[in-house]
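For reference, the structure discussed in these notes is given below.
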Amino acid sequence: MAAEEDRNLIEILEETVPIDITKYIGYVQSPSCGAIATFAGTTRDTFEGKAVLELRYEAYVPMALRCIKSICASARTSWNLTSIAVAHRLGPVPVAEISVFIATSSVHRVDALDACKFIIDEVKASVPIWKKEVYTNGEVWKENSEFLERRDELGNPALINNGRSCCRKKVLDEEGAEKKGCCGEKVKIADA
């Protein structure tokens with residue numbers, strides 16, 4: 001486990017400086033890897049016809065880091081990955097700048113690509129990072145669609161009975177009792 005964590009670079013950037021994508025690509029690059037997959041989430045200039053000035057992010061950093069580490073560990077159980085890098089900015093992120101960047105590396109492209117998609121989807125669904133969209137005529141806190149879908153899944157007893165938590169890890173102990181989920185929250189499991 002420690003060796004896997006050594007190959008993860010996870011940063012919540014509390015500065016207003018842009019994310020240096022070359023740093024994270026360089027981190028995951030390896031002579032043994034035939035693939036590096038990346039995702040860059042940027043601030044767009046419009047949303048539903050409204051002009052966007054910037055996004056503003058806030059987070060509970062210790063929990064956010066713990067959740068992202070858990071997501072990376074979960075990705076490693078499904079895909080053969082060499083290295084993972086995840087960076088997320090806090091504070092204001094102007095239009096066209098990157099707020100979140102993910103890089104994964106693997107021997108083959110399928111693992112890197114699938115894991116990269118999984119990681120961003122899980123970050124948006126379950127990590128305690130909050131986004132405010134600032135328009136020319138106001139502002140609004142936004143919920144990611146992935147979060148809303150996950151919330152609906154958690155409220156569905158059929159899905160809860162499958163014993164999956166926010167990062168799709170088992171949350172039942174051997175006796176079927178409730179157990180802490182991947183991000184440290186208690187997950188109540190409905191009776192089968």
Side-chain angles (χ1 to χ4, degrees), residues 4-5 7-13 19 21 24-25 27-28 33 35-44 47-48 52 55-90 93 97-106 108-133 140-156 158-171 180-185 187:
E4 285 182 358
E5 284 185 16
R7 297 184 327 232
N8 294 342
L9 174 59
I10 301 166
E11 295 182 331
I12 305 290
L13 306 171
I19 291 176
I21 64 172
Y24 302 102
I25 292 171
Y27 178 82
V28 301
C33 293
I36 295 174
T38 64
F39 172 82
T42 60
T43 303
R44 61 181 175 263
F47 180 76
E48 295 181 348
V52 175
L55 298 178
R56 293 185 193 150
Y57 290 92
E58 294 181 13
Y60 177 52
V61 175
M63 184 180 282
L65 289 169
R66 192 168 51 246
C67 286
I68 295 170
K69 285 178 186 177
S70 180
I71 291 166
C72 291
S74 183
R76 288 185 178 282
T77 65
S78 297
W79 297 281
N80 185 13
L81 301 171
T82 302
S83 298
I84 301 170
V86 179
H88 204 301
R89 279 176 67 176
L90 299 181
V93 180
E97 288 192 17
I98 298 170
S99 55
V100 60
F101 186 77
I102 297 167
T104 57
S105 63
S106 63
H108 302 289
R109 70 180 178 273
V110 172
D111 287 329
L113 288 167
D114 289 350
C116 190
K117 181 183 181 324
F118 169 81
I119 292 168
I120 187 57
D121 288 349
E122 290 300 313
V123 165
K124 291 176 70 82
S126 63
V127 176
I129 297 175
W130 302 281
K131 174 175 68 175
K132 181 185 283 187
E133 206 160 59
V140 64
W141 287 101
K142 302 292 287 208
E143 291 177 319
N144 292 318
S145 60
E146 295 85 354
F147 168 78
L148 294 172
E149 290 168 9
R150 184 62 49 79
R151 184 187 65 192
D152 292 343
E153 286 177 11
L154 289 174
N156 182 338
L159 295 171
I160 293 172
N161 283 336
N162 287 335
R164 302 286 180 187
S165 71
C166 63
C167 293
R168 298 189 178 112
K169 286 187 167 185
K170 282 288 194 184
V171 292
K180 283 188 179 181
C182 66
C183 297
E185 83 285 1
V187 179

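The residues of the chain are indexed from 1 along the displayed sequence.
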Inset, instruction - Name all residues meeting the side-chain contact (heavy atoms from CB on, under 4.5 Å) criterion together with Leu65; count only those two or more places apart in sequence or in a different chain, and write none if there are none. - result: Ile10, Ile12, Val61
Inset, instruction - Could you list the residues that satisfy side chain to side chain donor-acceptor pair (under 3.5 Å) with Glu133, not counting sequence neighbours? - result: Tyr135, Lys142
Legend entry - All side chain to side chain donor-acceptor pair (under 3.5 Å) counterparts of Glu11, not counting sequence neighbours: Lys23, Tyr24
Legend entry - Counterpart residues, side-chain contact (heavy atoms from CB on, under 4.5 Å), relative to Ala35 (two or more places apart): Ser106, Arg109, Ala112
Legend entry - Tyr57 and His88 aromatic ring geometry - parallel, tilted or perpendicular at 30°/60° bounds: perpendicular
Legend entry - Over all atoms of both residues, closest heavy-atom pair of Arg7 and Thr82: NE-O, 2.6 Å
Legend entry - Partner set under side chain to side chain donor-acceptor pair (under 3.5 Å) for Ser105, not counting sequence neighbours: none
Legend entry - Residue pair Ile98 / Ile21, side-chain heavy-atom distance below 4.5 Å: yes
Inset, instruction - For Phe39, enumerate each residue passing the ring-ring contact (aromatic ring centres under 6.0 Å, His included) test, keeping only those at least two apart in sequence or located in another chain. - result: none
Legend entry - Over all atoms of both residues, closest heavy-atom pair of Ala87 and Leu13: CB-CD1, 4.4 Å
Legend entry - Nearest non-hydrogen partners of Thr38 and Cys116, listed with the distance: C-SG, 3.7 Å
Inset, instruction - Taking the side chain as every heavy atom from C-beta outward, state whether Arg76 and Leu81 have any atom pair closer than 4.5 Å. - result: yes
Inset, instruction - Looking only at non-hydrogen atoms, find the nearest pair between Trp79 and Asp114 and report the distance. - result: NE1-CB, 3.3 Å
Legend entry - Other residues, nucleotides, ligands: >12 heavy atoms within 6.0 Å of Lys117 NZ: no
Legend entry - Value rounded to 0.5 Å, distance of CD in Glu58 from CG in Leu90: 8.5 Å
Legend entry - Heavy-atom pair with the smallest gap, counting every atom of Ser126 and Cys67: O-SG, 4.2 Å
Inset, instruction - For residues Asn8 and Lys69, determine if any side-chain heavy atom of one lies less than 4.5 Å from a side-chain heavy atom of the other. - result: no
